[in-house]
Number of protein chains: 2
Amino acid sequence: MASPSKQITIASVCCAPVGSADFDEADAAELAKGFAALSDPVRLHLLSLVAAGGLNGACVCDLVEPSGRSQPTVSHHLKVLREAGLVTSEKRGTWAWYHVVPERLQQLRTALA
Amino acid sequence: MASPSKQITIASVCCAPVGSADFDEADAAELAKGFAALSDPVRLHLLSLVAAGGLNGACVCDLVEPSGRSQPTVSHHLKVLREAGLVTSEKRGTWAWYHVVPERLQQLRTALA
DNA sequence: GTGCTACATTGACGACCGTCAATGTGTTGA
DNA sequence: TCAACACATTGACGGTCGTCAATGTAGCAC
């Protein structure tokens, strides 16, 4: 009732009565899914590598060696990131290029405001 | 080599050469631990309830019912949040009060910049 | 003391996760 | 057509997670 926003904010709102905040379970599940994708050091590493590629993105062939994992493992982690909406993939001939989705990152950041 | 920061930023840096970003594994593990604590809808709910308490924090007795889980389960999730550095706990007589740690939230937000 | 309340801990269960070897799929180039 | 390459998928393994019932611990009231 007293919550100013329908969204989950996890903010430092002062002195609002506990338990009164309305909480959207669907939103929470969506956020949790995003954070779950970030809950592995290897995926954080992969995401930072992809992000470092900027607009060009990053080719999988350039991600396997620096991650220190096998090619199937890297492919698995990229799939997790993709299904969490954090990256997109694009086929260019033989190679697959990955890009970050800034809006999704922004969404997760906002939830921690 | 070309990375401007020693930190992991996962930022939309444009056109940096892929694979050149130096990556601190300890930092990544620390971040991953934080995100892992956020990877469950129940914990997000609990965290939002605690945050809604502001400076007063929130009493566990006010968290059990809205979370829809058993008391031991809530206690378990609060322990996870505490060990991830997202909340602190304080004993006031019979009751236990939980508070958020804004610096930790800020740290995680920064990692998504 | 006795009983009650608030919370933490333990133990057990099924479910999910991270990892790699093996294999599959589709493209490139000869 | 054939071989090599880039990547995805499958299957299997041990490990961790979320959950609750049962139990433990500590403070409050009488």
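Below, read A as the first sequence line, B as the second, and so on, with proteins coming before strands; counting in each chain starts at 1.
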Q | Short side-chain to backbone donor-acceptor contact, Arg43(A) and Ala32(B), under 3.5 Å | A | no
Q | More than 12 heavy atoms from other groups under 6.0 Å of CD on Glu65(B) | A | no
Q: Please report, rounded to the nearest Å, how far the C1' atom of dA15(C) is from the CG atom of Asp40(B).
A: 13 Å
(Q) Any side-chain to backbone donor/acceptor pair from Arg104(A) onto Ala84(A)? Under 3.5 Å, distance only. (A) yes
Q: Check each residue of residues 73-86 of chain B for a non-hydrogen atom within less than 4.0 Å of any atom in DNA chain C, then write out the ones that pass by number, or none.
A: Ser75(B), Lys79(B)
Q. Separation of Trp95(B) atom CH2 from dA8(C) atom C1', in whole Å?
A. 17 Å
**Q.** Leading and trailing nucleotides of DNA chain D with any atom under 4.0 Å from heavy atoms of chain B
**A.** dG18(D) to dC28(D)
Q.
By the definition side-chain contact (heavy atoms from CB on, under 4.5 Å), identify the one residue from Leu81(B), Val80(B), Leu46(B) that meets it with Val87(B).
A. Leu81(B)
Q | Any donor-acceptor N/O pair, Thr110(B) side chain to Gln106(B) backbone, under 3.5 Å | A | yes
Q) In degrees, rounded to 10°, what is the bend between the two ends of the helix from dG1(C)-dC30(D) to dA30(C)-dT1(D), using five pairs at each? A) 20°
Q: Could you check whether Arg92(B) gets within reach of a base, just the sugar-phosphate, or nothing at all, counting any heavy atom under 4.0 Å?
A: nothing
Q: Locate the shortest heavy-atom distance separating Pro41(B) from Ala28(A); write the atom from each residue and the value.
A: CB-CB, 4.3 Å
Q) Which heavy atom in Leu108(A) sits nearest to a heavy atom in Phe35(A), and how many Å separate them? A) O-CZ, 3.8 Å
Q | Tyr98(A) to Val50(A) - nearest heavy-atom pair and separation | A | O-CG1, 3.4 Å
Q) Does Ser67(B) use its side chain to pair, donor to acceptor, with the backbone of Leu63(B) at less than 3.5 Å? A) yes
Q. Side chains of Val60(B) and Trp95(B): does their closest heavy-atom pair fall under 4.5 Å?
A. no
(Q) Taking the nucleotide of DNA chain C with the nearest heavy atom to each, does Thr94(A) or Ser89(B) sit closer to the 5' end? (A) Ser89(B)
Q | Under 3.5 Å donor-acceptor pair, Gln71(B) side-chain atoms to dA6(C) base atoms | A | no
Q) Ignoring hydrogens and geometry, is there a side-chain-to-backbone donor-acceptor pair from Ser75(B) to Pro72(B) under 3.5 Å? A) no
Q) Which whole-number value in Å describes the distance from Leu63(B) CG to dA6(C) C1'? A) 12 Å
